Every structure is written in structure tokens, then in C-alpha cells.
Amino acid sequence: MKRKRSPLYLLMLLLLTACRQDELVVPTEYDVIADKPSADTHVRGFYLLNEGNMGSNKCTLDAFDYFTGLYARNIYAERNPHVVKELGDVGNDIGIYGSKLYVVVNCSHKVEVLDAHSGRRIGQIDIPNCRYVRFHRGKAYVSSYLGPVLIDPDAPKGAIYQIDTLSLAVTAKVMVGYQPEEMEVVDDYMYVANSGGYRAPNYDETVSVIQMVDFKQVQQIPVGINLHRLKKDRYNKLWVTSRGDYQNRPSRLYVMEKKRGTHQMVVTDTLPVACSNMAFFGDSLYYYATEWNNYTASNAVSYGIINVRTKEIVSTHFITDGTEQEIAVPYGIAIHPETGDIFVTDAKNYVSSGTLYCFDRRGRKKWSVRTGDIPAHLTFLPK
């Protein structure tokens with residue numbers, strides 16, 4: 001016998017449905033920023049990925065358009081209202097290749113692919129415990145821890161996934177070291193920083209070398225423990241950061257260069273500075289450090305500039321107007337490829353809105369804006 005629904009039941013169902021829709025579509029917020037570019041700039045704007053605290057499902061995407069002056073906070077939900085869980089849990093990296101924007105969402109085990117100009121979703125690539133993305137000759141490459149998200153002395157080795165940027169299909173996978181992080185390609189060889197972070201205190205200390213022609217690991221180069229960042233400068237030197245062991249072995253910055261007359265990379269220098277992240281502009285490497293110490297249960301914060309040609313530390317600060325006193329936890333850095341403007345993000349207390357700061361080339365604050373939770377990764381959008 002078919003049961004009739006009472007008018008009260010139908011009204012409650014309608015109200016619940018309306019509330020669910022309201023929860024799914026979070027309105028984008030806008031701020032006006034007076035930072036108009038010159039007419040001949042090739043940069044339209046940028047995207048900023050906010051990590052969101054682990055387990056909170058609060059990864060969000062902000063966008064800035066230089067030509068309208070609008071900073072848009074949390075654009076993904078509004079432009080993709082049909083995606084129930086929005087971006088997901090912990091945004092770990094972001095990059096633009098061609099017309100597509102790739103967003104690596106670590107604890108949701110996926111790479112979201114969006115249209116780079118509209119922010120609308122194109123597809124999703126499922127990759128376990130994914131970390132960082134790089135691009136080379138029509139392919140995207142994503143580092144993966146492979147194992148579950150937890151500290152485990154038996155955590156497995158990680159892998160690099162190869163993705164076709166037209167079909168968005170995974171086309172190959174190669175095993176590397178433990179818990180791989182950032183990658184770079186130099187002369188058809190990919191270099192991967194292995195951290196071994198899940199196996200602490202038995203960290204990995206190698207950089208994996210992948211031969212791109214047949215996509216296989218051909219070497220592991222000893223560098224330093226608990227590696228993280230790996231970026232190349234204009235001379236194709238690699239700059240690799242070690243996070244140390246958070247106790248007795250400090251964070252360090254390593255330089256890798258080609259051995260004369262060969263294609264083999266070797267460690268040529270170790271700089272006695274802590275480094276959490278870095279960005280290049282011309283011959284200058286701008287870096288900051290938030291070096292955690294288990295004994296003091298606090299971060300030691302520092303900033304600096306290194307001449308990449310001479311490998312000399314030329315300054316122990318790049319913010320020159322005292323604004324660094326406002327920044328609680330520097331968490332991301334990027335440099336405008338044309339103007340040299342320096343962007344630094346502040347994660348503050350990791351659970352509430354952060355701040356994005358913009359400085360001119362002389363280190364003077366131009367503007368700042370409120371962001372999502374834990375602002376971290378920025379990529380520039382070409383016209």
C-alpha cells in the first residue's frame with residue numbers, strides 16, 4: 001500500500017534540500033586592489049591555492065585579475081556548484097600548462113583539472129597521496145607517496161605518475177625514493193627530491209634521476225636528509241632544500257650542477273642557511289625559512305637573497321620596510337615574472353584566514369589581502 005506524504009513532511013524535505021544547496025554553493029567574495037599592470041604585460045593574473053587544515057575539507061582557490069583589479073576569494077564552489085565536496089582536503093600544489101589549471105589535492109588523492117581562464121572543472125585524475133606537479137613535452141608529472149597518510153617505519157617507496165595532458169589519462173608510472181616531493185626536468189632528465197618523511201627518523205637522503213626517454217629511474221644521488229624543495233635556476237643548476245630532523249640536524253640548502261664534460265649532476269655546494277621555500281628572479285634566489293625545532297616547540301623565521309651565479313648570500317632580508325613583523329608564519333613565495341613583485345603568504349595560526357602580501361622589487365609593501373586558510377601555492381596566468 002502506497003503511503004501518502006503529509007504536507008508537513010514535504011515542506012521539511014523542501015527546506016532541507018534548500019539548506020543543502022545553500023551549503024554547497026559558497027558565494028565568492030571580492031576585494032578591489034589597485035595594482036594595474038602596464039599595457040604590454042603578458043600576465044593576466046594569478047591563482048592562489050589555500051591548503052586548508054588536514055581533515056577539514058577546506059582547500060580553496062583564490063584568483064586575482066590585474067585588468068579588473070578584483071581579488072576573488074573561493075572561486076571554485078561558485079564556478080562548479082555541481083561538485084559536492086568542492087576542491088577537497090589539503091591543496092598541495094598548482095600549475096598551469098596550456099589552457100588547463102592543475103590542482104593537486106593531497107589527502108583527497110586526486111588532481112583536479114580546470115579551465116585556466118574560467119576556473120570551471122574539466123576532469124579529475126585519481127593519484128594516491130599526490131604531492132607536486134610539473135610539466136614537460138605535453139605531459140604532466142605528479143609525485144606520489146603511494147601509501148596512506150600516516151607515519152609508518154614501513155611506508156613504501158613513492159612514484160612519479162605521467163599524465164597525458166590531452167586525454168588526462170595516466171600513461172606511465174616509475175618508482176623512486178621514499179615520500180617524493182618536488183621535481184624538475186633538466187636536459188631530458190627528471191630530478192626528484194625524496195624526503196622519507198613518513199619513516200622518521202630514518203629519512204631518505206637522495207635525489208632520484210629519471211631518464212625521460214624511456215621513463216625509468218637510472219640513479220639516486222645522496223644529497224641530504226628529509227629533502228623537500230627542488231627548483232632550477234636560469235643556469236639549470238638545481239637548488240635542493242633539506243628540512244633536517246627538527247632536532248640536531250638543521251635545515252640546509254644544497255646546489256647541484258652538471259659535472260664538467262658529462263650529463264651527471266653532482267652536489268657542488270652546501271649553503272649554511274635554513275630554507276623552506278624559494279623563488280627566482282634573474283640572478284637572485286629569494287628564500288624564507290620557518291625552521292621548526294622539537295626542543296623549543298617553535299619556528300625560527302628568516303629571509304634572504306642568494307646570488308645564484310656566485311652562490312653567495314647577498315642579503316639576510318628581502319622585506320625592507322618592516323612588514324615582516326606582521327607575518328606570523330611565511331608559508332609561500334612567488335615572484336611576478338615581469339615586474340619582479342614579490343608575493344609572500346602568511347598561514348597565521350593554520351586554522352583561520354591567511355594573508356597574501358605583495359612587495360615591490362625593493363621589498364616595500366604594495367598591498368595585502370585576506371585569503372583562505374593556509375595560503376601556500378601561487379601560479380601566474382598568462383593572457
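Predicted model, so just to flag it, every value in this text is computed and none were measured.
In this model, no donor atom of one side chain and acceptor atom of the other lie less than 3.5 Å apart for Asn74 and Asp62. Remark: the His228 side chain and the Asn277 side chain contain no N/O donor-acceptor pair separated by less than 3.5 Å. For the 3.5 Å distance criterion, the side chains of Asn53 and Ser56 fail to qualify, holding no donor opposite an acceptor. For Glu257 and Thr268, the side-chain atoms include at least one donor-acceptor pair closer than 3.5 Å.
Of the possible polar contacts, none joining the Lys232 side chain to the Glu184 backbone as a donor-acceptor pair under 3.5 Å is found. Put simply, the side chain of Thr28 never gets that close to the backbone of Glu78: no donor and acceptor are under 3.5 Å apart.
Electrostatic pairing of Asp321 and Lys365 does not count as a salt bridge here, judged by no charged N lying under 4.0 Å from a carboxylate O. By the 4.0 Å N-to-carboxylate-O rule, Lys139 lies close enough to Asp164 to be salt-bridged with it. Using a 4.0 Å cut-off between charged side-chain N and carboxylate O, Arg370 and Asp31 make no salt bridge.
Here the two rings, on Phe46 and Phe343, have centers that are under 6.0 Å apart. Note: Phe215 and Tyr141 meet the aromatic proximity criterion, with ring centroids under 6.0 Å apart.
Taking all atoms of both residues into account, the shortest heavy-atom contact from Pro180 to Gly158 is CD-CA, 3.6 Å. Taking both residues in full, the closest heavy atoms of Leu238 and Val186 are given as CD2-CG2, 4.0 Å, listed atom of the first, atom of the second, then distance.
Using bins of under 30°, 30° to 60° and over 60° for the plane-to-plane angle, the ring pair Tyr97/Phe135 lands in the parallel bin.
Residues satisfying the ring-ring contact (aromatic ring centres under 6.0 Å, His included) criterion with Tyr287, sequence neighbours excluded, are absent altogether. In this structure Glu338 satisfies the side-chain hydrogen bond (donor to acceptor under 3.5 Å, both in side chains) test together with Thr41, His42, sequence neighbours excluded.
For residues 146-201, the pairs satisfying ring pair (Phe, Tyr, Trp, His ring centres under 6.0 Å) are Tyr145-Tyr198, with sequence neighbours left out.
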